[in-house]
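Here is the structure we will look at, set down as structure tokens.
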Protein chains: 2
Amino acid sequence: MTNSTRNELSFEPDLLLINAALVVVSGKWRLYIILILGEQTLRYSQLSERLPGVSEKVLASELKALVGLGVMKREAFAEIPPRVEYTLTERGRLALPILRQIQQLGQIFN
Amino acid sequence: MTNSTRNELSFEPDLLLINAALVVVSGKWRLYIILILGEQTLRYSQLSERLPGVSEKVLASELKALVGLGVMKREAFAEIPPRVEYTLTERGRLALPILRQIQQLGQIFN
DNA sequence: CCGTATCCGCTGCGATACTG
DNA sequence: CAGTATCGCAGCGGATACGG
């Protein structure tokens, strides 16, 4: 776009962007939870099964946070027994390719 | 590649890879520090200038951690006054494109 | 100039038990 | 089934002062 006065190969990374991204990814389980969900729709219990090692409290609070961040959406059905389904939002699906690349990062530093 | 027996769109993310990646990126400043350095070689004081808000202790310990992780390397020159330079390793440069994409992630969730 | 030494508050993460 | 409630601790990140 505008031909800036920037001199050479140095570009200033935007701290705000970085922090916004880190919020989505950070924490021991957040990224893992998103990748497990992927393009599927899963119930709470299904997520729980596929996330061994994540305690109930942590899973519940992480899911709530991710919903709040607009990564995934939560649908509750007023049935007996109760059913709650989680699905990535459009933003979440948009982010998926990048999130999968973060795994590749792990391969570089294994 | 090999036609696997996997049924549909679900693939299992590798938790170990994810954690290896998160170590490089996590923390309030680690990713920012790497992106600031980029392809340049910078002295400690130059890094410090470009990282307003990062305390000396945190910067020093983060740099040490990043060197330990193999992201960047540290060269100390026995001069007066002392000079220390930081440069990304090959792994670090390899990781750069992905790290920059993480910023893009921030744009999705701004 | 380039760090280390101390001290310390906050919150991320976990175990366990309980509820609509 | 799908979560809260409660308790607890370890470690990150920060302020400040000092050292080779």
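In what follows, every chain begins at residue 1, and chains take the letters A, B, ... in the order their sequences are listed.
Atom pair B:Asn19:CG and C:dC13:C1' shows a separation of 13 Å (rounding to whole Å applied). We find that CD1 of A:Ile33 is positioned 12 Å from P of D:dG3, with the value rounded to whole Å. Rounded to whole Å, atom C1' of D:dC1 lies 17 Å from atom CD of A:Glu75. In this structure, the CG atom of B:Leu47 is 10 Å from the P atom of C:dG3, given to the nearest Å. For the pair B:Phe77 CZ and C:dC1 C1', the computed distance is 14 Å after rounding to whole Å. Whole-Å rounding puts the A:Leu59 CG to D:dG3 P distance at 8 Å. As rounded to whole Å, 14 Å separates atom C1' of C:dC2 from atom CD of B:Glu49. The nearest whole Å value for the distance from the CG atom in A:Leu51 to the C1' atom in C:dG14 is 15 Å.
Contact annotation: A:Lys64 side-chain N/O to D:dG3 OP1/OP2 distance is not under 4.0 Å. For B:Tyr86, a side-chain nitrogen or oxygen approaches OP1 or OP2 of C:dG3 to under 4.0 Å. For B:Trp29 and D:dC12, the shortest distance from a side-chain N or O to OP1 or OP2 is not below 4.0 Å. Distances shown here put every side-chain N or O of B:Arg43 at or beyond 4.0 Å from the OP1 or OP2 atom of C:dC1. The side chain of A:Ser45 places an N or O atom within less than 4.0 Å of a non-bridging phosphate oxygen (OP1 or OP2) of D:dA2. For D:dA2, the OP1/OP2 oxygens have no side-chain nitrogen or oxygen of A:Arg83 closer than 4.0 Å.
Each of C:dA15, C:dC2, D:dG14 was ranked by its minimum atom distance to the side chain of B:Val58; first place goes to D:dG14. Across C:dG14, C:dC2, D:dA2, the shortest atom-to-atom separation from the side chain of A:Val84 is found for D:dA2. Looking at the side chain of A:Ala60, the nearest of the listed nucleotides D:dC1, D:dT4, C:dG3 is D:dT4. Closest to the B:Ser55 side chain, of the nucleotides D:dA2, D:dA15, C:dC2, is D:dA15. Looking at the side chain of B:Glu56, the nearest of the listed nucleotides C:dT4, D:dA2, C:dG14 is C:dT4. With D:dG13, D:dG20, D:dA2 as the candidates, the nucleotide lying closest to the side chain of B:Lys28 is D:dG13.
Each of A:Arg74 and B:Gly53 was matched to the nucleotide of DNA chain D holding its nearest heavy atom; the match closer to the 5' end belongs to A:Arg74.
Looking only at distances, a side-chain donor or acceptor of B:Gln103 sits under 3.5 Å from a matching main-chain atom of A:Asp14. The backbone N or O of A:Tyr44 lies less than 3.5 Å from no partner atom in the side chain of A:Ser48, so there is not a single donor-acceptor pair. With hydrogens and angles disregarded, a donor-acceptor distance shorter than 3.5 Å links the side chain of B:Thr89 to the backbone of B:Gly70.
A salt bridge does not link B:Glu85 to B:Arg43: none of the charged nitrogens lies less than 4.0 Å from a carboxylate oxygen.
Counting distance only, with no hydrogens placed and no angle test, the side-chain atoms of B:Lys57 and the base atoms of D:dG14 include a donor-acceptor pair under 3.5 Å.
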Show the numbers, then the answer: is there a side-chain contact (heavy atoms from CB on, under 4.5 Å) between A:Leu47 and A:Gln40?
CA-CA 11 Å; A:Leu47 280 168; A:Gln40 310 176 71; over 6 Å; no
Run B:Tyr32 and B:Val54 through side-chain contact (heavy atoms from CB on, under 4.5 Å) and show every step you take.
CA-CA 10 Å; B:Tyr32 193 46; B:Val54 190; 5.5 Å; no
